[in-house]
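Here's the structure we're looking at; comments come further down.
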Amino acid sequence: METERMSLVVFSGTADKMIAVATLTTGAAAMGMDVDLFLTFWGLEAFKKGAQKDQPPISAEFSSYGPMMQQMMQAKRVPHWLDTLRAAREIGSVRIFACSATMELFEHTLADLEDVVDEVTGVASFIERAKDSKITLFI
């Protein structure tokens, strides 16, 4: 039987959405699914080297909850979303792709990104992989 796949297009790089990306990725990997992330625009920016030093902002519509959310997460020792993604990669098959067009636009190289990013790829290549996914989400 072929392994089921979940594909996520990661467009937003806000803290609340990155936590959702990491949690969904971990859950799918734990269920034995292959997981592909396609990082584009602000989602790609969240993966620049040093991501763990600078907590990204909360989505604008929920920004008033930012300080409270950060305090609660620290009190409950919630791991950084990047650590959660690293753990997901230890659990199962998680591949992280950087959008080649966004990389070119922002003048990034693979060396500019966190080590969890596997490769730079074009949208057509990602769509070819994603078209057979059981779950596809845009975050």
Side-chain angles (χ1 to χ4, degrees):
M1 182 172 130
E2 190 173 320
T3 303
E4 295 176 334
R5 178 185 319 276
M6 179 174 77
S7 297
L8 303 178
V9 176
V10 183
F11 176 81
S12 175
T14 59
D16 47 337
K17 292 182 181 169
M18 294 310 300
I19 292 167
V21 166
T23 302
L24 289 164
T25 298
T26 302
M31 294 175 66
M33 296 181 80
D34 289 345
V35 182
D36 290 343
L37 305 181
F38 184 70
L39 313 175
T40 188
F41 283 87
W42 317 124
L44 177 67
E45 286 294 288
F47 281 81
K48 284 175 43 180
K49 277 205 166 119
Q52 286 188 270
K53 288 184 256 172
D54 300 319
Q55 181 73 303
I58 303 296
S59 295
E61 63 267 34
F62 302 109
S63 63
S64 63
Y65 295 102
M68 178 185 65
M69 180 181 148
Q70 205 161 24
Q71 286 176 351
M72 287 176 22
M73 290 176 62
Q74 285 176 346
K76 296 185 182 208
R77 293 188 165 100
V78 175
H80 190 277
W81 59 265
L82 194 52
D83 289 331
T84 303
L85 276 179
R86 284 190 172 103
R89 291 168 65 92
E90 292 176 15
I91 293 169
S93 175
V94 177
R95 302 269 305 152
I96 302 177
F97 302 97
C99 172
S100 59
T102 303
M103 292 286 286
E104 186 175 326
L105 178 68
F106 292 158
E107 298 181 347
H108 293 327
T109 66
L110 191 56
D112 297 326
L113 304 177
E114 287 287 341
D115 62 357
V116 297
V117 181
D118 295 298
E119 65 184 89
V120 177
T121 192
V123 70
S125 295
F126 178 75
I127 290 172
E128 183 64 33
R129 290 179 61 87
K131 73 179 183 179
D132 297 323
S133 295
K134 185 162 186 114
I135 302 169
T136 305
L137 301 170
F138 184 90
I139 300 175

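No experiment lies behind these values; they were computed from the predicted model shown. Starting from 1, each residue takes its place in the sequence as its number. Every heavy atom of this structure was used, including side-chain atoms; hydrogens, water molecules and symmetry mates were not.
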Just by modelled atom types, is the [Y] backbone N or O under 3.5 Å from a matching donor or acceptor in the [X] side chain?
X	Y	value
Asp118	Ile96	yes
Thr23	Ile19	yes
Arg5	Met33	no

How would you list all residue pairs meeting ring pair (Phe, Tyr, Trp, His ring centres under 6.0 Å) that involve residues 109-136, not counting sequence neighbours?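 As it turns out, the ring pair (Phe, Tyr, Trp, His ring centres under 6.0 Å) pairs with a partner in residues 109-136, which skip direct neighbours, are Phe38-Phe126.
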
Hey, quick one: are [X] and [Y] part of the same hydrophobic cluster, counting side-chain heavy atoms closer than 4.5 Å, chains of contacts allowed?
X	Y	result
Trp42	Leu37	no
Leu24	Val116	yes
Leu82	Val35	yes
Phe97	Leu44	no

By side-chain contact (heavy atoms from CB on, under 4.5 Å) - contacts of [X] (at least two apart):
X	answer
Leu110	Leu113, Val117, Val120
Ala20	none
Ser93	Asp34
Phe138	Val9, Phe11

So, Phe47 versus Trp81, ring centres under 6.0 angstrom or not?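 Yes, the ring centres sit under 6.0 Å apart.
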
Salt bridge (charged side-chain N to carboxylate O under 4.0 Å, His left out) partners of Asp112, counting only residues at least two apart: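 Asp112 satisfies salt bridge (charged side-chain N to carboxylate O under 4.0 Å, His left out) with no residue once adjacent residues are dropped.
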
Sequence neighbours left out, what passes salt bridge (charged side-chain N to carboxylate O under 4.0 Å, His left out) with Lys49? Give chain and number order.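 Listed in chain order: nothing, the list is empty.
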
Heavy atoms, side chains only, cut-off 4.5 Å: are [X] and [Y] in contact?
X	Y	value
Asp83	Gln52	yes
Leu85	Thr25	yes
Met31	Met6	no

Considering only residues two or more places apart or on different chains, which pairs with a residue in residues 6-15 satisfy salt bridge (charged side-chain N to carboxylate O under 4.0 Å, His left out)?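 Matches after skipping sequence neighbours: none remain.
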
Checking side chain to side chain contact (heavy atoms under 4.5 Å, CB included) for the pair Glu119/Arg95: CA distance, chi angles, key distance, verdict? CA-CA 9 Å; Glu119 65 184 89; Arg95 302 269 305 152; 2.5 Å; yes

Compare every heavy atom of Gly122 with every heavy atom of Ser100, then report the nearest pair and how far apart it is.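 That would be OG-CA, 3.4 Å.
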
Considering non-hydrogen atoms only, spot the tightest contact between Ala88 and Ala29 and give its length.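 That would be O-CB, 3.8 Å.
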
Trace of the side chain to side chain contact (heavy atoms under 4.5 Å, CB included) decision for Thr40 with Val10: CA-CA 6 Å; Thr40 188; Val10 183; over 6 Å; no

Out of curiosity, Met103 CE to Cys99 SG, how far, rounded to the nearest 0.5 Å?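 With rounding to 0.5 Å, CE (Met103) is 9.5 Å from SG (Cys99).
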
State the CE-NE2 distance between Met18 and His80, to the nearest 0.5 angstrom.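 Met18 CE to His80 NE2: 8.5 Å, rounded to 0.5 Å.
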
Could you list the residues that satisfy side-chain hydrogen bond (donor to acceptor under 3.5 Å, both in side chains) with [X], not counting sequence neighbours?
X	result
His108	Glu45
Lys131	Glu128
Thr84	none
Arg129	Asp36

Have Ser7 and Thr136 got a donor and an acceptor in their side chains that come within less than 3.5 Å?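 Ser7 vs Thr136: no donor-acceptor pair found between side chains.
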
Apply side chain to side chain contact (heavy atoms under 4.5 Å, CB included) to the pair Leu39 and Thr102, showing each step before the final yes or no. CA-CA 9 Å; Leu39 313 175; Thr102 303; over 6 Å; no

Checking salt bridge (charged side-chain N to carboxylate O under 4.0 Å, His left out) between Glu114 and each of Lys48, Arg86, Arg89, which is the one that passes?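 Output: one option passes, namely Arg86.
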
